[in-house]
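The block underneath contains the structure these notes are about, expressed in structure tokens.
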Amino acid sequence: MSLHPEAIGPIPEETARVARAAFPDRTTAMRLRDEFGTIYRDEAFAALFPARGQPAEAPWRLALVSVLQFAEGLPDRKAADAVRGRIDWKYALGLELTDPGFDASVLSEFRARLVMGSAGHLLLDALLACCRERGWVKARGRQRTDSTHVLAAIRALNRIEVVTETLRHALDSLALVAPGWLAAQAAPEWVERYARRAEDDRLPAGKEAREALALAIGADGHALLAAVYATDAPAWLRELPAVETLRRVWVQQFYREGDRPQWRAEEHGVPPAARFISSPYDPDAHLARKRTTQWIGYKVHLTETCEPDTPNLITHVETTPAPVADGALTGAIHAALEGKHLLPAQHLVDTGYLDAELLVTSQRDYGVDLVGPARPDVRWQARARQGFAAQDFTVDWERQRAICPAGRTSSSWTPAVDNRKNAVIKIKFSETDCATCPSRTRCISPLAKRKYPRRSLTVRPEAQYHALRAARQREREPTFAGLYGQRAGIEGTISQGVRVCRLRRTRYIGLAKTHLAHVLTAVPLNLLRIGAWLAGVQRARTRPSAFATLMAELA
């Protein structure tokens, strides 16, 4: 398929006449065509197509169809039918009423090109450019970010099921591409073990029997890997994704003791969730847990505007493996918004996106004020509010010392790194001073006197220390609750994404395809909100429960 960009013409007269007669109040698709003309241009997608070959369907139309498809939750076949039969879609796409449309496979091919070219962001960026021209999004405003879990399109497997399915997947792949070679390597008993997919109810019931089965599977996998990596085996077999996944899973699940594989227990170094392959069919999907929710898959981070006089529009989408912490994305989100010239002045986030270092780097590198609940001091003095907490000490940064509320000066000042790899400073006071101090009980716990005979502090470097204190002080101000309360509005965005586009479930395999699906979720949500804005629909308020309404009336 080749691309030869052409000028986008007006809506055919007959299509416009019939559509306006059929929909006098206009549908969302018609309003968007009237407001924006065409959001996309063929030139934006030119790099995804070769210069020679059969002419491709116009990419601008495929992009718009993909967006409308996700807005209504349609599969490819029904989306192609809508192009042929929906008058309002023909109006938005500028097609004649008699246009036969295209085959449904064209849509999946277009998505594949977007994934291969890492060009999914073009779909959102083009819409944001149109909105920026109209003043609906702008830099140095206020935005908010939150994340939610996304279930992968795979089954949850236990460890024995993982190794069984991994070996079965490798055998099936080799049977398709190298049947003669595999037939010479496969053992007869493999048919019984790997002909059907692994099911927990078909596994042995006892622990010893299960471990014996795991060892047998491990020996089979090692035998297959040895054959693949033998000098006389075709070299290209090692490059098969299923074979590479088999190698990685066997490293994670087994270790060698002599010539035999051994089942890897916790004490033998089972890898963390961020690297552990939970299914051979989607190696990018990993296990994660957040409070009471546990899932295998991904996490999507949505950033949107929250201004009172413009529609709330999603400005950025990030998709990560599930175990990635929210705070690891704060800098990436700011960098992406800077590239779009949409950096906010205030960024409303929850505690997961905020720590002392991020407070400093966000302000220093991007001029962004992170607003959210700072991580609290977890020492007993701060929690009990009865003793001397870290904030009660005076830190003299020039002289590298601290002064306690009783007027004693610290005896040591040691830069260090804590267990989360954060730079910290450990400050200790003299045992002699602490032993004779009349305020000792307010400083050192009675249960810890013998183990910790003196007071010590752990603080962040100077810039982070002051930023954290300022953030905690702002939380105590009366205006903070009202400001931070605006962050809760993004919960409505996540809810709308779940209801309209099944945001918490991906239909695709792999991180890249899942991210494209999330972009194709964000763009329709923006279009629906713009359509409602143009139609004059007022923003809905959070509906209180009947009980809350009753009690408010009685108050």
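- Between His169 and Tyr281, the gap from one ring centroid to the other is short of 6.0 Å.
- Here His334 and His347 bring their ring centres to under 6.0 angstrom of each other.
- Note on ring orientation: taking the six-membered ring where Trp is involved, the planes of Phe254 and Trp250 are tilted (angle from 30° to 60°).
- Considering every non-hydrogen atom in both Thr458 and Val424, the closest pair reads CG2-CB, 3.8 Å.
- In this model, no donor atom of one side chain and acceptor atom of the other lie less than 3.5 Å apart for Arg155 and Ser279.
- Taking the ring centre of Phe70 as origin, the terminal cationic atom of Arg507 falls inside the region bounded by 6.0 Å and 45° from the ring axis.
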Step by step, work out the side chain to side chain donor-acceptor pair (under 3.5 Å) result for Tyr508 and Asp282. CA-CA 9 Å; Tyr508 302 112; Asp282 191 351; over 6 Å; no
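- Checked against a 6.0 Å centroid threshold, the rings of His301 and Tyr353 count as neighbours.
- Geometrically, Arg159 engages Trp263 in a cation-pi contact, judged by NZ or CZ lying under 6.0 Å from the ring centre and within 45° of the ring axis.
- With no hydrogens or angles considered, no side-chain donor-acceptor pair links Thr305 and Gln143 at under 3.5 Å.
- In this structure, a donor-acceptor pair under 3.5 Å is present between the side chains of Tyr194 and Asp220.
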Verdict with reasoning, His316 to Lys340, per side chain to side chain donor-acceptor pair (under 3.5 Å): CA-CA 9 Å; His316 186 63; Lys340 301 176 185 181; 3.2 Å; yes
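- Glu475 and Arg472 are not joined by a salt bridge, as no carboxylate oxygen comes within less than 4.0 angstrom of a charged side-chain nitrogen.
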